[in-house]
Structures are given as C-alpha cells and as structure tokens.
Amino acid sequence: MSRRIYIDQTHLRGHVTGIERVARDLFAPEQLAPHDVRLLRSRGLPAMIAAQQIGLPLRGLRDRDALFVFPGFPPGPLCAALGDRCILYVHDTFLLTRPEDLSWKSRLYMAPSFGLAMRYGRRFLVNSRTTGRELRRLCRPDALVALLRPAVGDVFGLAGLPAGRPAPAPGEPLRLLAIGTIEPRKDYPAAIAIVGALNRMGVPAELHVVGRVGWGRHAFLDDPPAFLTLHGYVDDAGLRRLVERSHLLISTSKAEGLGLPLLEVQHGGLPVAAPEGPVFAEVLGASGLFLRPDDPEGSASALAAWARGGRLAAAADAARGNVSAWNAAARADAARFSDFLARGVAAYAESGTVATT
C-alpha cells in the first residue's frame, strides 16, 4: 500500500551539516519508494517557525491519511493532534540531558518542543541502540522506539586512499584530526590537553580541527597552542587531503547519539580514538581505540603506546571492515522501516527493534 509521507525539511537552508545530510538522505523519495513523498521546505527562519508550529499540524488535520516525519527539529506542540501519524527521528537526547551545552536558540526553541514530544509522541526512530536506550528513559512507556541506523556513505571520497596507517616516521609529528562544530559538547579542550601531554612527554604531535565555530565560550580560540591548527569549514577535497596526512581521528566528545565522522573517516582506513562509553563502543566495536578524555596524561601515554606498538596499523586495517558492517546493519534497518510503512508496528514485533509498544 502506498502512503503519502510528508518530510519536514523546513530547517534545511544553506550549508548542510552531517546530521542534516543523514536526515535528508534517510528519507529521500527514492529511499521511500513507492510511497508518495513530499518534502516540505521554507524560506527563512520566520517561515520555518510558522510551518513547524502551525502549517504542518494544519496540513495533518486536512490530510488525515498521511504520515509526517520529523528528521531534524522536533515537532511543534500542535502536532500532538497527529497521534500515531507523527514520527520523530532522534539523533540524540542532549536537548534534555545536557542543557548546559545548548545554544540559547536550542534552549528557547528546540528543547521545549522535544520535551513535549516525549510526553505525547508515540512513534520514534533512533540512529543507534544507545540513543534508543536513552530515549526510552524519557518518552512515554507505550511509545514505539525503533532502530533506523543511517548508512554512512563515502562522502569525502576516501575509499581510494592506501590501506593502513603507519606510525609516524622518526622526526615526524603524530597528526591527530578532529571533526565537528566547535561547541561545548565536543570538549575540544580535552583533545588539546591530550595533544599537549604528548608533546610534553617527547612525542611530537599536532591537532588539526575541522569545523566551524558554533556557540559557547572557548578560551583556546583566543590563544591557540602552537600545535593546534584550526581549519574551519573545509570542502570534501580539503578534508580528504587532511585525512590522507593524518595518523588518526580523535574524538573527546562528552556525549553523542552516533558520532557520524567516526564512521565516515573509516572509509579511508583511518584509525579512530574515542572516549570509553556505550555509543562509541557500539559504533566502533573492535576497530576503536578507547581513551579517557578526563585523563590527558594517561590518554597521551596510551596513544604513544598504540603508535609504537602497531595498534594504529591494526585499527586502520579494521576500520573499513567496521564501516562495512555498520552499513549492512543499516540496510536491514531500512528494510524493516519499509515493512513498517506497509503494515505498521507489526514489522517491529520481531528482534531488531530497540523497544516496541
């Protein structure tokens, strides 16, 4: 049975981030064929707010057989009237769990709507099992929480890079790459402290940060250490060149729902060092190098030992296999979601869901 499905893309304008790209690609018309998919866009912030708060719920009341998918911003309060036809894709729960790391715009606009959705929402899709477990603690107990992991494409054209990552040659610095908006949750001061500790222990190291400056106060921007290079936003070709020169990707994020760059760079066989924690273990599995950002000296010692002991090369060998396995799981999730669109929650009655009604 073909359904009419409205996809809220009113927040997509100009530069598209990784999360926005996932939201766009997961629910692209070709992915949801043969359903009648209608993408809803807006021109400017006032039009977005009007559409999310009033336009979309009114459209739902007029078109009573249609589904409405919200893959970016949470639905407005009036969307409660849509009931089971309102589907929210959740990338992360930090709008409620980490209010101290939010921008003022998120505090005023997104967080209240997300909190209300936890009270009235009945249909949720999540990007990882970790996000699903966190969401289950927040949403109403009878809600469907179903797994729809995004496939991770080789968006930066890394597949052609040579396999393996040798340790730095004598006299060559250990080059660490970090990717993501400069904002409190990413905890770049922890990455800077780790690289600083490497240099103090006699291991020359550089930190290269790719990402625009977001919100929050960041003292390191005023007086960056000599080993830190801030690249800002770079295009795909520029990022490919940085990956080619880097020895590993480092993440010191306090919390993630998925951590998309960790998987994206694995197309190029780049080792990934990330914090100990459920979501990073889920995403990286045996391919990950796990550290403690709150212990810069210990993390630096571990990185140095991994470089000397060949673990960087082993993690590089495992990287491409890990992203391939993730994408196989994502394809299975997509098939299950397609089944859900055809026959409803019965598609999630078997194993593979996070939690069902």
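Keep in mind that what you see is a predicted model, and the values were worked out from it rather than measured. Along the sequence shown, residues carry numbers from 1.
The aromatic ring centres of Phe114 and Phe73 sit 6.0 Å or more apart.
Listed by first and then second residue, the side-chain hydrogen bond (donor to acceptor under 3.5 Å, both in side chains) pairs that reach into residues 280-289 are Thr130-Glu282, Gln266-Ser287, sequence neighbours excluded.
For Val203, the side-chain contact (heavy atoms from CB on, under 4.5 Å) test picks out Leu198, Met201, Ala304, with sequence neighbours left out. By the ring pair (Phe, Tyr, Trp, His ring centres under 6.0 Å) test, Phe280 is found to be paired with no residue, residues two or more places apart in sequence or in another chain being considered. For Ala197, the side-chain contact (heavy atoms from CB on, under 4.5 Å) test picks out Arg200, Glu297, Ala300, with sequence neighbours left out. By the salt bridge (Lys or Arg N to Asp or Glu O under 4.0 Å) test, Arg331 pairs with no residue at all, sequence neighbours left out. Remark: Arg217 engages Asp222 in a salt bridge (Lys or Arg N to Asp or Glu O under 4.0 Å) (not counting sequence neighbours). Arg4 pairs by the salt bridge (Lys or Arg N to Asp or Glu O under 4.0 Å) definition with Asp63, not counting sequence neighbours. In this structure, the side-chain contact (heavy atoms from CB on, under 4.5 Å) partners of Asp294, at least two apart in sequence or on a different chain, are Arg292. For His35, the ring pair (Phe, Tyr, Trp, His ring centres under 6.0 Å) criterion is met by no residue, not counting sequence neighbours. Remark: Glu256 pairs with Arg185, Lys186 by the salt bridge (Lys or Arg N to Asp or Glu O under 4.0 Å) rule, at least two apart or across chains. The side-chain contact (heavy atoms from CB on, under 4.5 Å) search around Ala330 returns Arg149, Ala151, not counting sequence neighbours.
Members clustered with Tyr120: Leu116, by chain and number, using a 4.5 Å side-chain heavy-atom cutoff among hydrophobic residues.
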